[in-house]
Amino acid sequence: MEIPGFENKIIIKAVQEHGTPLEIASSGMLSGNMDRARRALSFCGWQDNIFYSYKTNPVPDALRILHQNGAGAEVISERELNMAIGLGVPPDRIVFNGIYKSPLALRTAVEKKIKCINIDFPQELDIINALTETYSGKIGVGLRVRPSVGWQGQFGHIIKDGSAYAMAQRIIANKKLDLKTIHFHLGSSNLAIYCRAIDESLDFIRNVNRRLGADIRTLDIGGGFPGQDMRLLTLWEQGWLRIFDRPWPFMAESSNNGFEILAGTARYFQRAKTEHGLNDLTMWVEPGRLITGNAQVLAVKVVGLRRSGRKNYAIVDGGRVGAAGPLVGETRKLSVLGNKEGCKKKVYDIMGPTCMPWDRLVAGICLPELEIDDIMCIEGAGAYFVPMETEFSFDKPKSTMVG
Ligand SMILES: Cc1ncc(COP(=O)(O)O)c(C=O)c1O
């Protein structure tokens, strides 16, 4: 069976050329996903407000294609900022987030006049205030807030307890700062959660505009739109695996409605902002997994087969430890290339090559009987596989691009 967007013969050719483990991205899938995302926002005229989250898959060739297809850059570190600048992304297409931005990165961001620096940690404001003393123009900034839904913890300033308002006051106190954006990121979410976060943020924006005389023009709602055929493992699934060392038998399907959630969120936002009297407000998004997730596969090779106790183990040359970090708590589809029709089926644990007992890609998966040198593909490798790669005893996977 073919993986959507990837012909088997093309994968095999790439593997012959570059070896395994190999990250294979599809330029057609990347541009197709960008096109779908732009179409989801175009009815509001917001198709240019997509800032791809660099952290999700910082592969320069893939990023180039996304930029050619209309994506801006969302970066969260000095390295990512320099990468975007190095790739020729215009400064007014770069949004800078993150809970730690180095003083040098902040200086670069100000000097290059990037689109927006979304302030998160309080000390960051001290650094930016100091920069305003030597910088002649006004610096456009945003504020990361934390609605009552979605990721909590160390991110953003809480709306409900007044911390976000207090931080907005501190920003507005400096006349050389222009507080123009409010930002949140919720983590993987559904439409109802986005709507709730939008409502709370719009109340906040109206309040800050009215009471503090601010002129907030944008709500940047981050990423979190679900990618294709991937989801977080539920607590049940994780607990079962831990206790019984076997997968939870009633595996749920992924919802695969990321683009619908994106369009639905935009529709909701458009209605809600008018109801809040914020007609001129625009919306930015920072999708990661929705855009690149299913546009990349990880090809690994079967290098060892053994039966031990009551289990069949297949050892492959790229495992969770070195090549597939997200599989610790997420699901992905896995397929074996080649004509295996009519082959006997067997249940395998697919293990990576390191000495870590937990270097397991999948537990208890039923596959056609495997042979040494069989090539296996893990789908959805375009979301967080590359940034979570390690060099634990082995080289990191190589990367290539196909049509
Ligand atoms: C601020 C911010 N924006 C965007 C994203 C991208 O998220 P996703 O890949 O779930 O769309 C992340 C992911 O952590 C994030 O932290």
Side-chain angles (χ1 to χ4, degrees), residues 30 33-34 36-37 40-41 49-59 62-63 66 71-77 79-81 84 93-101 105 109 114-121 124 141-147 149-157 181-191 193-194 197 201 218-232 254-266 283-296 325-326 329-332 380-388:
L30 288 167
N33 284 345
M34 261 311 290
R36 275 186 84 180
L41 299 177
N49 298 357
I50 300 170
F51 299 87
Y52 174 71
S53 140
Y54 265 37
K55 71 189 87 56
T56 308
N57 198 43
V59 178
L63 296 172
L66 298 180
E74 183 261 347
V75 300
I76 62 150
S77 67
R79 193 181 65 202
E80 288 181 359
L81 176 63
R93 299 288 296 148
I94 303 175
V95 173
F96 195 5
N97 284 327
I99 58 168
Y100 168 63
K101 305 178 186 77
I114 68 162
K115 191 167 188 75
C116 195
I117 303 168
N118 285 330
I119 295 173
D120 196 340
F121 68 107
E124 186 180 342
V141 295
L143 171 63
R144 179 161 177 173
V145 299
R146 194 194 313 166
V149 285
W151 280 2
Q152 302 292 311
Q154 69 271 44
F155 304 107
H157 298 266
T181 302
I182 294 301
H183 164 58
F184 62 71
H185 171 75
L186 306 172
S188 285
S189 298
N190 59 36
L191 183 57
I193 293 178
Y194 281 109
S201 304
T218 307
L219 180 61
D220 170 0
I221 67 166
F225 307 97
Q228 200 77 7
D229 288 323
M230 63 181 74
R231 62 182 172 82
L232 297 179
S254 310
S255 50
N256 287 345
N257 56 354
F259 290 102
E260 288 76 24
I261 293 180
L262 177 64
T265 304
M283 187 183 94
W284 297 345
V285 291
E286 304 166 349
R289 60 181 70 234
L290 178 69
I291 304 291
T292 48
N294 67 342
Q296 193 162 300
E330 297 182 9
T331 63
R332 294 292 191 280
Y384 303 101
F385 275 49
V386 168
M388 290 176 81

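Positions are given from 1, in the same order as the sequence printed here. As the structure is a prediction and not an experimental result, all values here were calculated from the model. Counting convention: from 1, in listed order, for ligands and their atoms alike.
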Contact check, Thr56 vs ligand 1, heavy-atom distance below 4.0 Å: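 Flag set, Thr56 near ligand 1.
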Ligand 1 contact by Ala383, heavy-atom criterion under 4.0 angstrom: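 The answer is no: ligand 1 sits nowhere under 4.0 Å from a heavy atom of Ala383.
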Look only at interatomic distance and state if [X] has a nitrogen or oxygen under 3.5 Å from any nitrogen or oxygen of ligand 1.
| X | result |
| --- | --- |
| Tyr384 | yes |
| Arg289 | yes |
| Gly224 | yes |
| Pro287 | no |

CA sep, side-chain torsions, deciding dist, call: Met230, Tyr384, side chain to side chain contact (heavy atoms under 4.5 Å, CB included): CA-CA 12 Å; Met230 63 181 74; Tyr384 303 101; over 6 Å; no
Structural part of His185 in contact with ligand 1, heavy atom criterion under 4.0 angstrom: side chain
For ligand 1, the portion of Trp151 having any non-hydrogen atom under 4.0 Å away: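 Trp151 to ligand 1: side-chain contact only, backbone stays beyond 4.0 Å.
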Donor-acceptor check, side chain of [X] to backbone of [Y], threshold 3.5 angstrom: yes or no?
| X | Y | result |
| --- | --- | --- |
| Arg146 | Gly153 | yes |
| Thr292 | Gly382 | yes |
| Asn294 | Gly380 | no |
| Asn49 | Met283 | yes |
| His185 | Ile221 | no |

Atoms of ligand 1, numbered as shown, that sit under 4.0 Å from any heavy atom of Glu74: 1 (C), 2 (C), 3 (N)
Ligand-side contact atoms (ligand 1) for residue partner Ser53, heavy atom cut-off under 4.0 Å: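 Contacts of ligand 1 toward Ser53, numbered from 1: 4 (C), 5 (C), 6 (C).
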Ionic contact status for Glu124 with Arg144, cut-off 4.0 Å: no
Closest protein heavy atom to atom 3 (N) of ligand 1, given as residue, atom name and distance to 0.1 Å: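 Sorting protein heavy atoms by distance from atom 3 (N) of ligand 1 puts Glu286 OE1, 2.8 Å first.
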Nearest neighbour in protein (non-hydrogen) for atom 15 (C) of ligand 1: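 Ranked first by proximity to atom 15 (C) of ligand 1 is Lys55 NZ, 3.3 Å.
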Aromatic plane relationship, Phe225 with Tyr194 - under 30° parallel, 30 to 60° tilted, over 60° perpendicular: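 Taking Phe225 first and then Tyr194, their aromatic rings lie parallel (interplane angle under 30°).
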